[in-house]
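Comments concern the structure below.
Quick note: numbers below take in every heavy atom, side chains included, and nothing from hydrogens, waters or symmetry partners.
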Amino acid sequence: QVQLVESGGGSVQAGGSLTLSCSASRYTVFTACVAWFRQAPGEEREGVAVIDDYGSTNYADSVKGRFTISRDNAKNTLDLRMNDLKEEDTATYYCAAPATYSYSSCLGMQSRNFNYWGQGTQVTVSS
């Protein structure tokens with residue numbers, strides 16, 4: 001059973017930074033498609049950032065230039081560095097991975113294509 005566990009969430013003021021981390025068991029992060037999603041209350045879950053096994057990345061337009069997805073191969077973890085946080089970034093952030101994938105299904109960041117999910121970590125940005 002693949003297990004994904006997020007950490008690093010918290011409360012921060014607008015303009016601040018946070019780094020989320022996702023650790024994986026029974027799933028090799030550094031040779032696979034892995035992504036970050038988020039869901040705010042009353043909103044649908046949306047893809048934030050994804051990286052595939054070749055290192056190609058894709059970001060939601062709302063976070064481009066502010067968020068960076070990366071892997072720590074030695075630790076088998078996936079990180080999301082979030083800079084210049086805005087109130088609208090407030091959400092529960094989830095790490096996710098697909099059981100199988102293609103180039104397009106991975107980088108397309110559609111939640112229906114991702115099978116394994118962490119429990120989520122809360123990020124709250126205040127003004």
Side-chain angles (χ1 to χ4, degrees):
Q1 181 76 16
V2 172
Q3 290 186 323
L4 303 173
V5 179
E6 303 93 340
S7 61
S11 297
V12 64
Q13 288 192 323
S17 299
L18 279 175
T19 297
L20 306 182
S21 186
C22 173
S23 62
S25 63
R26 298 183 177 87
Y27 195 85
T28 306
V29 168
F30 62 86
T31 60
C33 171
V34 282
W36 287 97
F37 288 78
R38 68 185 180 188
Q39 187 167 22
E43 302 289 332
E44 291 190 358
R45 190 169 296 188
E46 65 170 345
V48 175
V50 62
I51 186 167
D52 74 1
D53 42 352
Y54 293 100
S56 297
T57 58
N58 190 28
Y59 295 89
D61 288 342
S62 59
V63 307
K64 282 180 181 176
R66 299 188 298 121
F67 290 13
T68 302
I69 190 170
S70 63
R71 283 191 268 250
D72 186 324
N73 292 349
K75 297 180 180 179
N76 197 36
T77 60
L78 176 74
D79 294 335
L80 183 69
R81 176 65 178 177
M82 306 184 294
N83 294 327
D84 190 23
L85 283 160
K86 306 176 185 295
E87 288 184 74
E88 51 264 40
D89 294 319
T90 295
T92 301
Y93 284 72
Y94 299 90
C95 175
T100 61
Y101 58 92
S102 63
Y103 175 84
S104 59
S105 70
C106 173
L107 296 181
M109 280 196 299
Q110 296 295 314
S111 60
R112 64 177 181 271
N113 294 327
F114 287 76
N115 308 97
Y116 308 119
W117 295 84
Q119 82 288 349
T121 186
Q122 178 67 36
V123 172
T124 302
V125 184
S126 59
S127 59

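- Here the side chain of Y54 pairs no donor or acceptor atom with the backbone of Y103 at under 3.5 angstrom.
- For the residue pair R38/T121, the side-chain donor-acceptor check at 3.5 Å is not satisfied.
- Closest heavy-atom contact between W117 and S111: CZ2-O, 3.7 Å.
- Shown here for N115 and A99, the closest heavy-atom pair between the two residues is OD1-N, 2.6 Å.
- Scanning both residues, F37 and V48, for their nearest heavy atoms gives C-CG2, 3.9 Å.
- Inspection of the N83 and S17 side chains reveals an N or O donor paired with an N or O acceptor under 3.5 Å.
- For V34 against I69, the heavy-atom pair with the smallest separation is O-CD1, 4.0 Å.
- Side chains of S126 and Q13: no donor on one and acceptor on the other come within 3.5 Å.
- Summarising the geometry of L4 relative to A24, their closest heavy-atom pair is CD2-CB, 3.6 Å, with the distance given to 0.1 Å.
- For Y93, the ring pair (Phe, Tyr, Trp, His ring centres under 6.0 Å) criterion is met by no residue, not counting sequence neighbours.
- What you find for F114 and M109 is that their closest heavy atoms are CE1-CA, 4.1 Å.
- Taken from SG in C106 to CG in N113, the straight-line distance is 9.5 Å, to the nearest 0.5 Å.
- R81 and T19 are linked by a side-chain donor-acceptor pair at a separation below 3.5 angstrom, with hydrogens and angles left out of the test.
- Side-chain atoms of N58 come within 3.5 Å of backbone N or O of L107 as a donor-acceptor pair.
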Quick one, K86 with D89, criterion salt bridge (charged side-chain N to carboxylate O under 4.0 Å, His left out). Give me CA distance, side-chain angles, the key distance, then yes/no.
CA-CA 5 Å; K86 306 176 185 295; D89 294 319; over 6 Å; no

